S.K.: 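There's a structure below that I have some questions on.
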Amino acid sequence: MTANVAVETTPEIPLWNDPSHPVSARVDALIGAMTLQEKIAQLYGVWVGASANGGEVAPHQHDMEEAVDLDALLPSGLGQLTRPFGTAPVDPALGALSLLRTQTRITSANRFGIPAVAHEECLAGFAAWGATAYPVPLSWGATFDPDVIRRMAAAIGRDMRAVGVHQGLAPVLDVVRDLRWGRVEETIGEDPYLVGTIGTAYVQGLESAGIVATLKHFVGYSASRAGRNLAPTSVGPRERADVLLPPFEMAIREGGARSVMHAYTDIDGIPSAADEKLLTGLLRDTWGFDGTVVADYFGIAFLKTLHGIAGDFADAAGAALTAGVDIELPTVKTFGAPLADAVAEGRVPESLIDRALRRVLTQKADLGLLDPDWSPVPPAFAGADLDDPDALRGTIDLDSPANRELAREIAEKAVVLLANDGTLPLAAPRRIALVGPNAAEGTAVLGCYSFPQHVGVQHPEIPVGIELPSLGESLAAEFPDAEITVARGTGVDDGDLSGIAEAVDTARDADIVVVALGDRAGLFGRGTSGEGCDAESLALPGAQQELLNALLDSGTPVVTVLLAGRPYALGRAVEDSAAIVQSFFPGVGGTRAIAGVLSGRTAPSGRLPVSVPRGPGSQPATYLGARLAQASEVSNIDPTPAFGFGHGLTYTTFAWSGLTVDTEQASTDGEFTASLTVRNTGERSGTEVVQLYLHDPVASVVQPVQRLVGYTRLELAPGESRRVRVTVPADVASFTGRDGRRIVEPGELELRLSASSTDARLTTRVSLTGPVRELDHTRRFHAEFTVE
């Protein structure tokens, strides 16, 4: 079907290229001038790989893809380019040149000269060869510091924008529900408020650099049964509304995210990719989202192949479009010929294509891709000679000193000191035994979406591209006068016991043992953490617990260090270790950050974004459990964690005192203000994280015993005290009532000012009065802290 209409133009440029007109008018004019094939072409991407010599990209072949003929596709146009930098190791400058030449080809081939949107992964940094690998999102959560994550995302965005990328597939806003899930490392934590605030800061930073942030996975992906990737979910409407959805609400309303990615999962039999009530009713009609909804990779085809709700790819395309999916990624499969045939047969109305196309073209207009002065030359090539690819090689630095310094700062803020009997910080040890599978492995700091672990492992002949000092190297730099002996002991997951005796001998000859345990990030079973690397239990992988127990019996004090993607049950080490240091894949600055904490050069300030289990089989459990989820006399299983959410020790002490509340009663549309004093009573500077939890003793539906509603970081010098004031709106006490409406009920509440979910320091009881009040997504999300 062709819709050719007369449009207003100037003698120089068509209306759709004229930025003096409103975007809506430009987009309407362009849609009116396009054929059906040209419309559909804007609604899918093609998975490509940049050329290593700066030539045009080549289609990437995947076992879930069919061959793509660019020569046949490009005359109709192209919506997106999938991961031109993140498919194979390519020098960044030559990758940018390859993308430039490909965009030139795309715009020359289609009659409207429309470029493609280039998207990339950026979960723990720009996923390109040679780019800085930042800490994973679980470490973001451990910082309890939105500002530093906002700065990190802005830096990532600037690097992406400099080489011609437009959209980033991050952040992950899934709330952890089961620690066995392999993608826990990609999440920010187990609390929706922490996930929402840190995730929103990331969105703000990425969007400030001009990169379209993509929220994923909408919604329920992390709630799979038994923690299995892409497994069925069992989520009720109240859990979805009160735990899983709030981070997305916050990131859209306060972060300004311009894209959302649907989840693979179904909830109560309705796959997210075909859920019109979710993607249109809630996301757009209720929340007012006006950006683009993109498919998770192959997610539309999965409506046929995995979910079985579509008889063919045409039905799958129609179901996704009807629900509100705008763009098929990573490549054309259902939105190509099957969709065109479905329109011709009357199975899918062209109006659905126009609706999605309007959103896609509006975003392209906002990115400047429809402007007459748009150029495929990215900012990094300003003034460069583009005719000499060899001269360009090595001219773009995606791992700058500023990037690495920021990565170091985040890694340091994210290191969590779980336990310490006074052994740390180490006082100039003469002999250190460094033991464990992660002792000498530089990549132990990387998550599965870092380029080296995600792509680089498939190209072992190519250098890793970034400096990754091992823990051994960082300890040698931190303790130059110490004799450090390294023993592997066992592998991450090989179960090998043959090296444990040697490791114990090494430990007995040392003053202190540092044992480096944890994970190896990978994909689909190639690691112990990462996408498709789910855990049957929360015991340490392989023979690591056996190694740890043997070292604890050596008679030498043991400092247990975890470089991991999830927390693990540590058995007797919880009580018997001299100290326990937890780090969640901390990126390029990670081992130096850990070494700094061990020496005392850095004061530990991280807090747990997820609870550490006491036993390997007590999952699934998070601190958000209701009363029935707590330990009781009617079950022999005790789910109490070894270390609770929000826990983290320092090298100093703090006294909390002087809690006052301005009023003990407020209306259901009012607020309370509480104040307290926090004083550093130790001998060195340190950081305290004041956490506010809400306890609702009596409600019309079952509530968690407590939930986080606010937090702030305080950096205090020895003897320094600060007065902290927190304003608590009644809105934060809201929940989903019996009829599905979000409400605030009158009644008594308890405000717990705490150092963690298991360490309430000061509490006060207040009351809400008046009628039950109904709220919507425009409610106040935060208890606001001010420090005097």
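For the numbers below, each heavy atom of this structure counts, side chains included, while hydrogens, waters and symmetry mates do not. All of these numbers come straight from a predicted model, not from anything done at the bench.
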S.K.: Between the side chains of Glu249 and Arg779, is the shortest nitrogen-to-carboxylate-oxygen separation below 4.0 Å, so that they form an ion pair?
M.R.: yes

S.K.: Under 4.0 Å between a Lys/Arg side-chain N and an Asp/Glu carboxylate O for Arg614 and Glu575?
M.R.: yes

S.K.: Taking Thr286 for its side chain and Gly281 for its backbone only, find out whether a donor-acceptor pair lies under 3.5 Å.
M.R.: yes

S.K.: Report yes or no: do Thr233 and Ser224 form a side-chain donor-acceptor pair below 3.5 Å?
M.R.: no

S.K.: Please check if the side chain of Ser734 supplies one atom and the backbone of Ile743 the other of a donor-acceptor pair under 3.5 Å.
M.R.: no

S.K.: Using side-chain contact (heavy atoms from CB on, under 4.5 Å) as the criterion, point out the one residue from Asp191, Leu244, Thr187 that pairs with Val175.
M.R.: Leu244

S.K.: From the options Thr712, Thr677, Val787, Val678, select the one residue that forms a side-chain contact (heavy atoms from CB on, under 4.5 Å) with Arg722.
M.R.: Val787

S.K.: Does the separation of the ring centres of Phe785 and Tyr711 fall below 6.0 angstrom?
M.R.: no

S.K.: Is the number of heavy atoms from other residues, nucleotides or ligands within 6.0 Å of CD (Glu664) greater than 12?
M.R.: no

S.K.: Distance-only, no hydrogens or angles: does the Thr143 side chain make a donor-acceptor pair with backbone N or O of Trp140 under 3.5 Å?
M.R.: yes

S.K.: Using 30° and 60° as the class limits, which term best fits the ring planes of Phe144 and Phe645: parallel, tilted or perpendicular?
M.R.: tilted

S.K.: Could you list the donor-acceptor pairs under 3.5 angstrom formed by side chains in residues 694-704, with sequence neighbours left out?
M.R.:
{"unit_1": "His695", "atom_1": "ND1", "unit_2": "Val705", "atom_2": "O", "d": "2.6"}
{"unit_1": "Ser700", "atom_1": "OG", "unit_2": "Glu745", "atom_2": "OE2", "d": "2.3"}

S.K.: Quick check on Asp669: does its CG atom have over 12 non-hydrogen neighbours (other residues, nucleotides or ligands) under 6.0 Å away?
M.R.: yes

S.K.: Is it true that a side-chain atom of Asp534 and a backbone atom of Arg228 form a donor plus acceptor pair closer than 3.5 Å?
M.R.: no

S.K.: Taking Gly710's backbone N and O only, do any of them form a donor-acceptor pair with His782's side chain (distance below 3.5 Å, no angle check)?
M.R.: no

S.K.: Can we say Glu185 and Arg183 salt-bridge, meaning some charged N sits less than 4.0 Å from an Asp/Glu carboxylate O?
M.R.: no

S.K.: With a distance cut-off below 6.0 Å to the six-membered ring centre and an angular limit of 45° from the axis, does Lys216 pair with Tyr449 as a cation-pi contact?
M.R.: yes

